[in-house]
Amino acid sequence: KLLRFFNFVIFAILSCFGISSSEQVMAMYGVPSGEFQVSGRVKNLKSKPVRKIEVEIQDPRNNHLGVTTTTKDGSFQFNYKGWPHREIYLISRDVDGCRNGAYQSDTTIVKLYYPQQGWNQGKATASSDVTLKYK
């Protein structure tokens with residue numbers, strides 16, 4: 001009886017720490033993560049770079065992921081770390097009025113391919129050039 005009592009006490013203490021005698025698989029909880037870098041250039045129909053164009057990044061559910069503005073040579077770059085999106089939308093808008101010419105807004109879909117599968121999917125890189133039409 002004393003041996004059974006000590007076995008019960010030891011089992012009770014070990015079970016408090018999550019240790020059991022069964023061979024069940026423990027479930028792991030977490031959120032998949034990934035990061036991506038999207039870069040590119042915004043040009044007009046004459047292939048000239050357009051600066052001061054706002055480039056907003058959204059996921060397919062219209063969640064705002066970030067915004068950046070093109071530089072003097074029309075280039076932009078955006079880095080993101082979080083949920084591993086498979087595709088994103090680049091929404092280009094002319095925010096400076098007529099200073100650099102008046103351009104229509106445009107939306108471009110960019111597909112992202114990650115190098116790994118699982119919880120950490122690594123870093124995807126993509127490049128997308130955008131051509132804007134005059135208003």
Side-chain angles (χ1 to χ4, degrees):
K1 289 185 177 184
L2 189 59
L3 185 59
R4 286 187 188 170
F5 173 74
F6 283 126
N7 282 340
F8 176 76
V9 171
I10 291 172
F11 177 74
I13 292 171
L14 292 176
S15 66
C16 289
F17 293 107
I19 301 171
S20 68
S21 60
S22 67
E23 295 201 19
Q24 295 177 342
V25 177
M26 290 182 64
M28 296 177 67
Y29 298 97
V31 177
S33 66
E35 55 185 302
F36 63 82
Q37 179 184 51
V38 177
S39 59
R41 297 185 78 195
V42 176
K43 301 179 282 185
N44 61 18
L45 291 173
K46 296 178 182 177
S47 296
K48 303 258 184 192
V50 182
R51 66 183 198 174
K52 300 220 179 189
I53 296 293
E54 179 183 85
V55 181
E56 180 183 359
I57 291 87
Q58 289 185 356
D59 68 2
R61 295 182 177 174
N62 295 329
N63 293 321
H64 174 79
L65 301 178
V67 67
T68 186
T69 306
T70 58
T71 60
K72 188 175 182 178
D73 65 347
S75 64
F76 65 90
Q77 182 175 340
F78 180 76
N79 295 308
Y80 174 82
K81 188 172 186 176
W83 187 264
H85 299 283
R86 298 289 171 218
E87 71 177 20
I88 56 169
Y89 300 126
L90 299 178
I91 303 166
S92 305
R93 295 184 194 98
D94 188 0
V95 292
D96 69 345
C98 296
R99 292 184 188 167
N100 296 314
Y103 295 95
Q104 296 178 10
S105 296
D106 188 35
T107 301
T108 305
I109 298 174
V110 176
K111 302 275 185 189
L112 299 170
Y113 301 99
Y114 293 90
Q116 304 170 35
Q117 298 296 323
W119 291 108
N120 182 359
Q121 297 188 4
K123 184 174 186 176
T125 57
S127 180
S128 179
D129 289 345
V130 179
T131 303
L132 296 181
K133 297 177 183 175
Y134 293 106
K135 281 188 180 179

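Residue numbers run from 1 in the order of the sequence given.
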Rounded to the nearest 0.5 Å, how far apart are [atom1] of [X] and [atom2] of [Y]?
X      : Y      : atom1 : atom2 : result
Gln77  : Thr125 : CD    : OG1   : 10.5 Å
Asp94  : Gln104 : CG    : CD    : 10.5 Å
Tyr103 : Asn44  : OH    : CG    : 4.0 Å
Thr71  : Lys52  : OG1   : NZ    : 11.0 Å
Asn120 : Ser33  : CG    : OG    : 4.0 Å
Lys81  : Lys123 : NZ    : NZ    : 9.5 Å

Minimum heavy-atom distance between [X] and [Y], given as atom pair plus value:
X      : Y      : answer
Ile53  : Arg93  : CG2-O, 3.4 Å
Pro32  : Pro84  : O-CD, 3.5 Å
Tyr134 : Lys46  : OH-CD, 4.4 Å
Val67  : Glu54  : CG2-CG, 3.3 Å
Ala126 : Leu112 : CB-CD2, 3.8 Å

Next item on the list: Could you please spell out the steps behind the side-chain contact (heavy atoms from CB on, under 4.5 Å) verdict for Glu56 and His64?
Entry: CA-CA 8 Å; Glu56 180 183 359; His64 174 79; 2.9 Å; yes

Checklist line | Parallel, tilted or perpendicular: rings of His85 and Phe36 (30°, 60°) | finding: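 Because their plane-to-plane angle is over 60°, the rings of Phe36 and His85 count as perpendicular.
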
Notebook entry, point to check: Backbone N or O of Val50 within a donor-acceptor pair of the Thr70 side chain at under 3.5 Å?
Noted result: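 Flag set: sc Thr70 to bb Val50 pair under 3.5 Å.
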
Next item on the list: May I ask you to decide if Asp73's main-chain N or O and Arg41's side chain share a donor-acceptor pair within less than 3.5 Å?
Entry: yes

Notebook entry, point to check: Any side-chain donor-acceptor pair under 3.5 Å between Gln37 and Glu35?
Noted result: no

Within-4.5 Å side-chain heavy-atom neighbours: [X] and [Y]:
X     : Y     : result
Lys48 : Lys43 : no
Pro60 : Tyr89 : yes
Ile88 : Leu65 : yes

Next item on the list: Evaluate the criterion side-chain contact (heavy atoms from CB on, under 4.5 Å) for residue pair Val130 and Leu132; output intermediate values, then yes/no.
Entry: CA-CA 6 Å; Val130 179; Leu132 296 181; 3.9 Å; yes

Notebook entry, point to check: Between Phe76 and Val42, is a side-chain contact (heavy atoms from CB on, under 4.5 Å) present by the stated rule, with each step listed?
Noted result: CA-CA 8 Å; Phe76 65 90; Val42 176; 4.1 Å; yes

Notebook entry, point to check: Are Val110 and Tyr114 connected, step by step, through hydrophobic side chains (Ile, Leu, Val, Met, Phe, Trp, Tyr) whose heavy atoms are closer than 4.5 Å?
Noted result: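 Yes; Tyr114 is reachable from Val110 via cluster members.
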
Margin query: Could you walk me through whether Leu90 and Ser128 satisfy the side-chain contact (heavy atoms from CB on, under 4.5 Å) test, starting with their C-alpha distance in whole Å, then the side-chain angles of each, then the deciding distance to 0.1 Å, before giving a yes or no?
Written below: CA-CA 9 Å; Leu90 299 178; Ser128 179; 3.9 Å; yes

